[in-house]
Student: 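Handing you a structure now.
Numbering of residues begins at 1 and proceeds along the displayed sequence. Given the structure is predicted, the values throughout are model-derived calculations rather than measurements.
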Amino acid sequence: MTEQITLSAAMRSDTGKGAARQLRRDGLIPAVIYGHGDESAHVQLNADEVEHLLGRVSAATTVIGLEVGKKKAQKVLIREIQRHPFKPVILHIDFFQIREDEKIRVAIPVHLDGRPEGVEAGGILQQIRHELQVECLPGDIPEGFHIDVSALVVGDSLHIGDLDSGGVAVLEDPDLTICTVVPPTVMVVEEEEVEEELEGVEVEEGAEPAAEAPTEEETESSEG
């Protein structure tokens, strides 16, 4: 199961782009906690603490105990992280408050472990599904699905129905392909294609062959 951790936050009263920019200049990250119904709270987080956290856990699947001021920690999941397009800066975070006794839907990453036999023989491993939607209690959220693909040969595929989900309900069609080993792509030039290309090269009618250079004897005879 996923690691449960604690993160500190403080309430903020000022909202808007100007206030958010000032927070980021002060080393803070603006965030919103969405609760049940229309409830929401605007908070701020220490940027260094958040970066340290995201460097060691899976943001999408980790249940966080968010402590806002002196209030009791509330269980939340990160729903969205907005990042700067070209700077290593987090612009905003959306949290979603959860209840331990209420099932939620989460996207779980899929990891392929091992090197398939088909790849050793020259095939190519293609991963079709990189994450799967599941429904479960917060305490049962898997960090990820790990699938051993070492026994796959060229032409083999694994489907969602083949996955051992550990009792978690996967909300996907069991017939959908997770990964497959395909033959290598080879460029084959057919003989007919070559002939068609040659037929497309036209020679101008009535054109005479280029004159050959005169021999040494012919040159001496003309000079005489």
Student: Is there side-chain contact between V181 and V153, with at least one heavy-atom pair below 4.5 Å?
Tutor: no
Student: Might you point out which heavy atoms bring V106 and A60 nearest each other, and give the distance in Å?
Tutor: CG1-O, 3.5 Å
Student: Between I64 and L77, is the side-chain contact (heavy atoms from CB on, under 4.5 Å) condition met? List the steps.
Tutor: CA-CA 6 Å; I64 299 172; L77 279 173; over 6 Å; no
Student: Inspect the contact between E172 and R129 and indicate whether a charged nitrogen and a carboxylate oxygen are less than 4.0 angstrom apart.
Tutor: yes
Student: Are L171 and I178 grouped together when hydrophobic residues (ILVMFWY) are joined by side-chain heavy atoms under 4.5 angstrom apart?
Tutor: no
Student: If you round to the nearest 0.5 Å, how far is CD1 of I128 from CG of L158?
Tutor: 11.5 Å
Student: Using the rule that Ile, Leu, Val, Met, Phe, Trp and Tyr join whenever any side-chain heavy atoms are under 4.5 Å apart, tell me whether V168 and L176 fall into a single cluster.
Tutor: yes
Student: With clusters defined by side-chain heavy atoms of hydrophobic residues (ILVMFWY) lying less than 4.5 Å apart, directly or transitively, does L28 cluster with V32?
Tutor: no
Student: Apply side-chain contact (heavy atoms from CB on, under 4.5 Å) to residues C179 and V149 and explain how you reach the verdict.
Tutor: CA-CA 9 Å; C179 64; V149 297; 4.0 Å; yes
Student: Measure the spacing between CZ of R99 and NZ of K75 and express it to the nearest 0.5 Å.
Tutor: 15.0 Å
Student: Please check if F145 and L137 belong to a single hydrophobic cluster, counting links between Ile, Leu, Val, Met, Phe, Trp and Tyr side chain heavy atoms closer than 4.5 Å.
Tutor: no
Student: Quick one: CG on D148 to CG on L112, what's the gap to the nearest 0.5 Å?
Tutor: 10.0 Å
Student: Given V68 and I33, is the side-chain contact (heavy atoms from CB on, under 4.5 Å) satisfied, shown in steps?
Tutor: CA-CA 10 Å; V68 182; I33 306 170; 4.0 Å; yes
Student: Closest heavy-atom contact between G123 and V154?
Tutor: CA-CG2, 4.1 Å
Student: Would you sort out whether Q127 and V110 count as a side-chain contact (heavy atoms from CB on, under 4.5 Å), showing the intermediate values?
Tutor: CA-CA 9 Å; Q127 184 170 356; V110 177; 3.9 Å; yes
Student: Could you state whether L66 and I5 fall into the same hydrophobic cluster, counting links through intermediate Ile, Leu, Val, Met, Phe, Trp or Tyr residues with side-chain heavy atoms under 4.5 angstrom apart?
Tutor: yes
Student: I need the N46 CG to L53 CG distance, nearest 0.5 Å.
Tutor: 11.5 Å
Student: Indicate the atoms forming the closest heavy-atom contact of Y34 with S40, along with that distance.
Tutor: CD2-CB, 4.1 Å
Student: Search all heavy atoms of L45 against all heavy atoms of A9 and return the closest pair with its distance.
Tutor: CD2-CB, 3.4 Å
Student: Okay, side chain of R24, backbone of L91: is any donor-acceptor separation there less than 3.5 Å?
Tutor: yes
Student: So with a 6.0 Å cut-off around CG of D164, is the heavy-atom count from everything else above 12?
Tutor: no
Student: Is there a donor-acceptor pair under 3.5 Å between the side chain of D26 and the backbone N or O of L23?
Tutor: no
Student: Begin from the C-alpha positions of S58 and T61 and carry the test side-chain hydrogen bond (donor to acceptor under 3.5 Å, both in side chains) through to its verdict.
Tutor: CA-CA 6 Å; S58 172; T61 60; 3.0 Å; yes
Student: So which heavy atom on R83 is nearest to which on E51, and how close?
Tutor: NH1-OE2, 4.3 Å
Student: Report the distance from atom CD1 of I108 to atom OG of S165, rounding to the nearest 0.5 Å.
Tutor: 11.0 Å
Student: Measure the shortest side-chain to side-chain distance between P30 and R12 over non-hydrogen atoms and say whether it is less than 4.5 angstrom.
Tutor: yes
Student: Would you kindly say whether H111 and D113 are connected by a side-chain donor-acceptor distance under 3.5 Å?
Tutor: no
Student: Taking the side chain as every heavy atom from C-beta outward, state whether E67 and K71 have any pair of such atoms under 4.5 Å apart.
Tutor: no
Student: Flag the pair V119 / I124 as yes when at least one side-chain heavy-atom distance between them is below 4.5 Å, and no otherwise.
Tutor: no
Student: Report yes or no: does H159 contribute a side-chain atom to a donor-acceptor pair with the main-chain N or O of G161 at less than 3.5 Å?
Tutor: no
Student: Roughly how far apart are I78 CD1 and L54 CG, rounded to 0.5 Å?
Tutor: 5.0 Å
Student: If you compare all heavy atoms of A151 against all heavy atoms of D156, which two are closest, and at what distance to 0.1 Å?
Tutor: O-OD2, 4.1 Å
Student: Do the non-hydrogen side-chain atoms of V170 and I160 ever get within less than 4.5 Å of each other?
Tutor: yes
Student: Between E135 and K103 (salt bridge meaning N to carboxylate O under 4.0 Å), is one present in this structure?
Tutor: no
